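Computed from a predicted structure; not experimentally measured.
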Amino acid sequence: ATLTGSGPHGRIIRADVEAAGASPRAAAQATAAAPAPASVPADSLAQLGYPDDSYTLVPLDGMRRTVARRLTESARDIPHFPLTIDVEIDALLAARTRINGLLEPRGIKVSVNDLVIKAAALALRQVPEANASFTPEGIALHRHADISMAVAVEGGLITPILRRAEQKGLADIAQEAKDLAERARNRKLKPEEFQGGSFSISNLGMFGIRQFGSIINPPQGAILSVGAGEARAVIRDGQVVSRTLMTVTLTCDHRVIDGAIGARWLAAFRALIEEPVTMIV
């Protein structure tokens with residue numbers, strides 16, 4: 001906290017630490033003379049009218065600082081835009097029940113989110129322009145659907161990655177997703193298991209959230225926000241009927257994915273979800 005980094009984007013590098021150890025007084029003077037980062041607010045809560053005894057201050061740990069920095073940079077620097085659709089999941093729920101019946105002897109249970117991951121990966125294969133990242137040198141088109149899944153952990157959020165998800169069966173996805181989520185919560189992931197990825201999925205349906213939009217996980221080009229499945233009244237053949245609908249929002253980086261590409265990806269995703277047998281043919 002007392003050092004000023006000389007690395008890229010102000011990052012503290014080894015030489016900064018060694019210099020501070022060799023001359024703590026000089027390092028402290030240099031830090032004091034350095035301008036405050038633009039992202040740090042000039043006013044304390046007390047200056048903004050909050051008495052010191054009116055709140056409890058929880059110090060930021062390394063993860064929370066990193067999440068705050070990355071999301072601030074993403075929201076500030078990436079031109080986000082959302083695309084939202086409703087997807088019928090009655091056939092998906094029926095297929096999940098049948099799949100889990102077949103997998104029960106193996107002790108494997110497939111979740112709705114596992115099916116969403118598989119459908120997203122296959123949709124990225126069908127619409128490869130959506131599986132992309134912006135770089136200063138050009139747009140990187142990823143060869144595989146490396147799906148990052150958002151997992152809430154104590155002190156922040158982490159996104160373990162299912163590599164080459166388009167090549168994996170549902171049983172494999174279910175087992176790997178469960179293992180990654182458990183190790184994420186226990187802080188036992190290796191760096192290569194959460195760094196990278198080509199596309200993210202954030203699912204808040206289990207908390208009853210119907211619809212939401214997410215901030216893109218850079219340098220990925222898009223993130224899918226998945227809401228709760230619920231029975232709603234819809235019109236089919238002129239009749240009002242009940243269907244289980246799930247609202248999803250694709251948030252896109254407009255430098256990489258324009259509206260037409262995002263719409264094509266959502267159409268491919270919807271077709272896979274509404275006809276789940278197409279995920280295995």
Correct closest heavy-atom pair for Thr251 and His80 would be CG2-CD2, 3.6 Å
Is there a donor-acceptor pair under 3.5 Å between the side chain of Ser74 and the backbone N or O of Arg70?
no
Interatomic distance, CD1@Ile89 vs CG@Leu245, rounded to 0.5 Å, equals 8.0 Å
Would you please name every residue forming a salt bridge (Lys or Arg N to Asp or Glu O under 4.0 Å) with Asp114, sequence neighbours left out?
none
Could you report the tightest heavy-atom contact between Gly213 and Thr249, atom names first, then the distance?
CA-CG2, 4.4 Å
Which pair of non-hydrogen atoms, one from Ile257 and one from Gly221, has the smallest distance, and what is that distance?
CD1-O, 3.5 Å
More than 12 heavy atoms from other groups under 6.0 Å of CZ on Arg143
no
Tell me if a side-chain donor or acceptor on Asn131 pairs with a main-chain N or O of Pro128 at a distance below 3.5 Å.
no
Would you say Ile216 ends up clustered with Val67 if hydrophobic residues are merged whenever their side chains have heavy atoms under 4.5 Å apart, either directly or through other cluster members?
no
To the nearest 0.5 Å, atom CZ of Arg232 lies from atom CZ of Arg243 at 14.0 Å
Considering all heavy atoms, the nearest Gly101-Pro105 contact:
O-CD, 3.8 Å
Taking the side chain from Glu129 and the backbone from Ile261, do they hold a donor-acceptor pair closer than 3.5 Å?
no
May I ask whether Phe134 and Leu71 are part of the same hydrophobic cluster, defined by side-chain heavy atoms of I, L, V, M, F, W, Y residues being less than 4.5 angstrom apart, directly or through others?
yes
Say whether Ser133 and His142, considering side chains only, have a donor N or O and an acceptor N or O under 3.5 Å apart.
yes
Return all side-chain donor-acceptor pairs below 3.5 angstrom for residues 156-164, not counting sequence neighbours, or 'none' if the list is empty.
| unit_1 | atom_1 | unit_2 | atom_2 | d |
| --- | --- | --- | --- | --- |
| Arg163 | NH2 | Glu192 | O | 2.7 |
| Arg163 | NH2 | Gln195 | O | 2.9 |

Please evaluate residues Val234 and Val241 with respect to the criterion side chain to side chain contact (heavy atoms under 4.5 Å, CB included), reporting the C-alpha separation (whole Å), side-chain torsions for both, the decisive distance (0.1 Å), and the verdict.
CA-CA 5 Å; Val234 299; Val241 297; 3.8 Å; yes
Going by an N to O cut-off under 4.0 Å, is there a salt bridge joining Glu154 and Arg185?
no
Can a donor-acceptor pair be found, under 3.5 Å and without considering hydrogens, that links the side chain of Arg96 to the backbone of Val110?
yes
Please round to the nearest 0.5 Å and tell me the distance separating atom OG of Ser148 and atom CD1 of Ile201.
9.0 Å
What I want to check is whether the side chains of Ser225 and Ser202 have a donor and an acceptor closer together than 3.5 Å.
no
Closest approach of Ala165 and Ile173, non-hydrogen atoms and distance?
O-CD1, 4.0 Å
Polar side-chain atom of Gln220 near backbone of Ser200 as donor-acceptor pair, under 3.5 Å
yes
If only atom types and distance count, is the side chain of Asp253 paired as donor or acceptor with the main-chain N or O of Arg255 below 3.5 Å?
yes
Only counting residues at least two apart or in another chain, list the ones meeting side chain to side chain contact (heavy atoms under 4.5 Å, CB included) with Ala171.
Leu103, Arg106, Ile108
Residues forming a ring pair (Phe, Tyr, Trp, His ring centres under 6.0 Å) with His254, sequence neighbours excluded
Phe81
Apply side chain to side chain contact (heavy atoms under 4.5 Å, CB included) to Leu115 and Leu170, showing your working.
CA-CA 7 Å; Leu115 289 157; Leu170 286 169; 3.5 Å; yes
Rounded to the nearest 0.5 Å, what separation is found between the CD atom of Glu166 and the CG atom of Leu124?
8.5 Å
CD1/Ile99 to CD/Glu104 distance, rounded to the nearest 0.5 angstrom?
14.0 Å
Would you say Val116 ends up clustered with Ile223 if hydrophobic residues are merged whenever their side chains have heavy atoms under 4.5 Å apart, either directly or through other cluster members?
no
Can you name the closest pair of heavy atoms from Asn113 and Asn203 and give their distance?
OD1-ND2, 2.9 Å
Residue set satisfying salt bridge (Lys or Arg N to Asp or Glu O under 4.0 Å) with Arg65, at least two apart, ordered chain then number -> none
Any sub-3.5 Å donor-acceptor pair from Asn100's side-chain atoms to Lys109's backbone N or O?
no
Before giving the answer on side-chain hydrogen bond (donor to acceptor under 3.5 Å, both in side chains), spell out for Thr244 and Asp90 the whole-Å C-alpha distance, their side-chain angles and the decisive distance to 0.1 Å.
CA-CA 6 Å; Thr244 307; Asp90 296 279; 2.9 Å; yes
Output side-chain donor-acceptor pairs under 3.5 Å for residues 269-281, partner residues at least two apart or in another chain, one line each.
| unit_1 | atom_1 | unit_2 | atom_2 | d |
| --- | --- | --- | --- | --- |
| Arg270 | NH2 | Asp86 | O | 2.9 |
| Glu274 | OE2 | Glu88 | N | 3.0 |
| Thr278 | OG1 | Glu275 | O | 2.6 |

Is it true that, when you exclude Phe207 itself, more than 12 heavy atoms of the residues, nucleotides or ligands shown sit nearer than 6.0 Å to its CZ?
no
Are the side chains of His144 and Arg125 in contact, using a 4.5 Å heavy-atom criterion?
no
Geometric class of the Tyr50/Tyr55 ring pair [parallel <30°, tilted 30-60°, perpendicular >60°]:
perpendicular
Using only atom types and a distance under 3.5 Å, with no angle test, would you say the side chain of Thr247 pairs donor to acceptor with the backbone of Gly227?
no
Side chain of Asp16, backbone of Ile12: donor and acceptor closer than 3.5 Å?
no
With heavy-atom distances below 4.5 Å as the criterion, would you say the side chains of Val87 and Val248 are in contact?
yes
Side-chain heavy atoms under 4.5 angstrom apart, residues restricted to Ile, Leu, Val, Met, Phe, Trp, Tyr: same cluster for Val151 and Phe194?
yes
Spacing of CD belonging to Gln239 relative to CD1 belonging to Ile235, to within rounding of 0.5 Å:
9.5 Å
Test side chain to side chain contact (heavy atoms under 4.5 Å, CB included) on Val17 and Arg14 and set out the steps.
CA-CA 5 Å; Val17 179; Arg14 180 174 179 171; 5.7 Å; no
Would you say the side-chain atoms of Glu182 pair up with the backbone N or O of Asp179, donor to acceptor, closer than 3.5 Å?
no
Is there a path from Ile78 to Leu250 through hydrophobic residues (I, L, V, M, F, W, Y) whose side chains come within less than 4.5 Å of each other?
no
